[in-house]
Participant: 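Please see the structure below; I have some questions.
Residue numbers begin at 1 in each chain, while the letters A, B, ... track the order of the sequences. Only heavy atoms go into these numbers, but all of them, side chains included; no hydrogens, no water, no symmetry mates.
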Amino acid sequence: MTAVSLPDIAAAPRFSLWNRLKGLSHRSATAVIGGIIVAIFGLLSIVAPWIVPYDPILPFTDKLLAPPSAEHWFGTDGNGMDVFSRVIYATRYAFGIAIPAVLLSLAIGVPIGLWTGYRGGWADEVTLRFSDALRVFPLIILSLAVVAAAGQSLINVVLVIGILDAPVFVRVVRAEVLQLRNSTFVEAAVATGNPVRRILFVHLMLNATKGAMAQVAVRAAWAVRITATLAFFGVGIEVPTPEWGSMIRQGAEFMATGQWWVGIFPGIALIVMVLGLNMLGDGLQDLLDPRRRASAR
Amino acid sequence: MSTDLLAVTHLSKTFRGPGGVAIHAVNDVSFAIRPGEIVALVGESGSGKSTIGRAITRLIRPSAGQVVFRDRDIAALAEDECRPLRKDLQIVFQDPWGALNPRLRVRTLIEEPLKLHGTADARARTARVEALADRVRLSRELLGRYPNELSGGQLQRVCIARAIATDPALVVLDEPTSSLDLSVRAGILRLLNTLRRETGAAMLFISHDLGTVRLISDRILVLYLGGVVEEGATRDVFERPQHPYTQALLSAHLPPDPKAKLARHLLDGEIPSAIHLPPGCAFASRCPIATERCRHERPVLMAAGAADQRAACLLVAEGKNRI
């Protein structure tokens with residue numbers, strides 16, 4: 001018998017992070033680009049204290065509204081604070097509000113969606129009507145009103161965004177549960193003697209949260225946008241705090257007099273961040289939706 | 001205390017169909033299962049076999065009648081009260097691909113009934129899961145896999161392991177082999193036979209495959225349009241079927257011996273609609289020997305043929321029930 005030459009195993013492509021990323025970008029370039037943008041912002045928010053040239057709330061009283069220069073890359077604002085440092089620092093507030101708000105939405109929306117989808121009947125009816133009623137109001141107006149009434153604080157902004165956005169998760173989870181409710185494995189779970197609690201939070205939750213996961217980035221984008229909107233209207237976050245919305249508000253005032261840098265830079269940062277989150281969300285939906293994925297393969 | 005493990009009396013189930021029409025899936029069915037016995041429930045699709053299986057395991061609530069399991073009527077119990085009983089009353093479904101949570105590993109799936117009903121000790125459970133895997137002849141290597149990595153036969157073994165994990169007194173097997181390949185089917189049937197010897201569990205074997213039923217069951221119930229038309233010991237029913245429907249059914253079944261003489265009675269038409277039940281015998285519309293009386297008078301099960309054999313046919317009394 002002659003020796004059969006085997007293919008060189010070492011020459012086969014390595015299973016590395018880089019290769020995985022390449023494979024993923026083949027399936028959804030949108031998700032990868034969005035993910036990279038969000039990752040860069042995330043990194044900036046973590047290292048912000050070490051990379052910013054100045055304290056973001058330190059006013060240079062002698063340099064009000066200084067244009068961009070080597071000293072102040074994005075110029076200074078009406079209080080003489082360094083715009084570059086503030087734009088970078090604001091990523092902390094964007095993530096600091098969006099992440100807990102979306103987690104809160106999930107914590108409220110997923111259990112309600114599981115329960116109403118599984119139980120059906122009056123519970124389902126009531127929840128649907130309630131979330132529809134909530135949807136009738138434009139959310140921006142509603143959150144403006146609620147934050148204004150509840151009091152200006154970061155916690156209130158998180159609570160309002162998290163609670164008002166929960167119906168989105170109720171709906172996607174409920175829709176998935178409705179499809180699974182009559183499947184044999186749920187029936188088998190009942191037959192095995194699972195209590196309702198375990199059917200909901202083990203059997204259904206493992207199979208019905210794909211849609212919710214795909215929504216997470218999109219809802220985070222919404223949270224970032226609404227935080228900025230609230231601050232733009234002077235609700236939620238107080239002025240010296242480095243936050244894009246309040247910076248844009250101040251910048252708008254100086255736009256007419258030619259000090260464009262005050263508002264443009266935080267505006268660009270906000271747009272790129274929201275765009276990145278939305279791209280990530282869209283891409284995730286592509287990847288997680290079994291039908292879209294099947295056609296992509 | 002009766003000797004029956006399960007006694008079903010006057011069980012009926014009516015579903016609400018589209019537009020509110022009543023679909024009579026099961027009509028006034030009574031039968032009993034003794035401990036350790038394998039009873040087969042045969043009938044064509046739409047005859048109400050699976051509905052009976054689900055009513056017995058209280059996955060659906062019967063519209064009328066009693067399901068007495070261990071001297072307790074479970075038909076009327078709330079789901080919460082049923083839960084402890086499920087330890088002794090298990091079911092294996094037809095479709096093993098759909099009956100297992102795709103996101104749980106095989107080990108977790110087999111462990112689940114133990115967790116819910118049995119041992120709190122994790123180490124004891126692990127040992128039991130491995131013992132169960134051995135018992136259903138499932139390689140232990142597969143315990144770490146997910147359901148989509150297993151074949152249909154392997155998945156059905158997992159389902160059976162789950163069903164017998166808590167040593168139930170009765171296992172309902174809802175067409176456990178009909179979605180499997182023939183070669184795999186034999187293995188599962190062998191396994192069920194062995195398990196019955198080893199565990200002593202009674203089984204209700206739901207099937208439309210007469211060959212399978214003949215191999216495995218002690219007694220047989222023939223179902224037509226939601227009602228029992230014949231019951232008796234498997235051997236008696238196969239050798240001397242009394243009801244015309246059973247006779248036609250058995251004549252349609254190919255014997256293993258190719259030289260055997262075939263006396264075929266082909267039935268015309270379809271099983272009647274379960275929405276408008278015929279006033280008389282359910283089988284009268286297709287029965288080759290039906291009389292005018294059959295179309296108006298509803299027959300009840302009466303002794304026919306061998307001891308313990310009964311058929312629901314008016315012609316039995318006159319001895320004219322042979323087709």
Participant: For B/R103 versus A/N207, what's the shortest heavy-atom pair and its separation?
Facilitator: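 Reported closest heavy-atom pair: CG-OD1, 3.3 Å.
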Participant: Looking at A/A189, A/A188, A/A191, which makes the most heavy-atom pairs under 4.5 Å with chain B?
Facilitator: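 So the answer, after comparing A/A189, A/A188, A/A191, is A/A191.
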Participant: Does CZ belonging to B/F15 count more than 12 external heavy atoms closer than 6.0 Å?
Facilitator: yes
Participant: So for B/E79, is it side chain, backbone, both, or neither that comes closer than 4.5 Å to the heavy atoms of chain A?
Facilitator: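 The side chain, not the backbone.
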Participant: Distance-only, no hydrogens or angles: does the B/R86 side chain make a donor-acceptor pair with backbone N or O of A/V190 under 3.5 Å?
Facilitator: yes
Participant: Do other residues, nucleotides or ligands put more than 12 heavy atoms under 6.0 Å from A/F130 CZ?
Facilitator: no
Participant: Given a strict heavy-atom distance threshold of 4.5 Å, which part of B/L100 is in contact with chain A: side chain, backbone, both, or neither?
Facilitator: backbone
Participant: Name the region of B/R58, side chain, backbone, both or neither, that has any atom closer than 4.5 Å to a heavy atom of chain A.
Facilitator: neither
Participant: Got a sec: does the CD1 of A/I155 have more than 12 other heavy atoms crowding it under 6.0 Å?
Facilitator: no
Participant: Quick check: closest heavy atoms across A/N194 and B/E112, and the distance to 0.1 Å?
Facilitator: OD1-OE2, 3.0 Å
Participant: Can you establish whether the number of heavy atoms outside A/R119 located under 6.0 Å from its atom CZ is more than 12?
Facilitator: no
Participant: Do B/L116 and A/P195 come close enough that some side-chain heavy atom pair is under 4.5 Å?
Facilitator: yes
Participant: Please identify, among B/Q94, B/R54, B/K115, the residue contributing the most non-hydrogen atom pairs under 4.5 Å to chain A.
Facilitator: B/R54
Participant: Could you go through the side chain to side chain contact (heavy atoms under 4.5 Å, CB included) check for B/I91 and A/E187 one step at a time?
Facilitator: CA-CA 10 Å; B/I91 183 165; A/E187 199 176 21; over 6 Å; no
Participant: Quick check: are there more than 12 heavy atoms from other residues, nucleotides or ligands sitting under 6.0 Å from CZ of B/R61?
Facilitator: yes
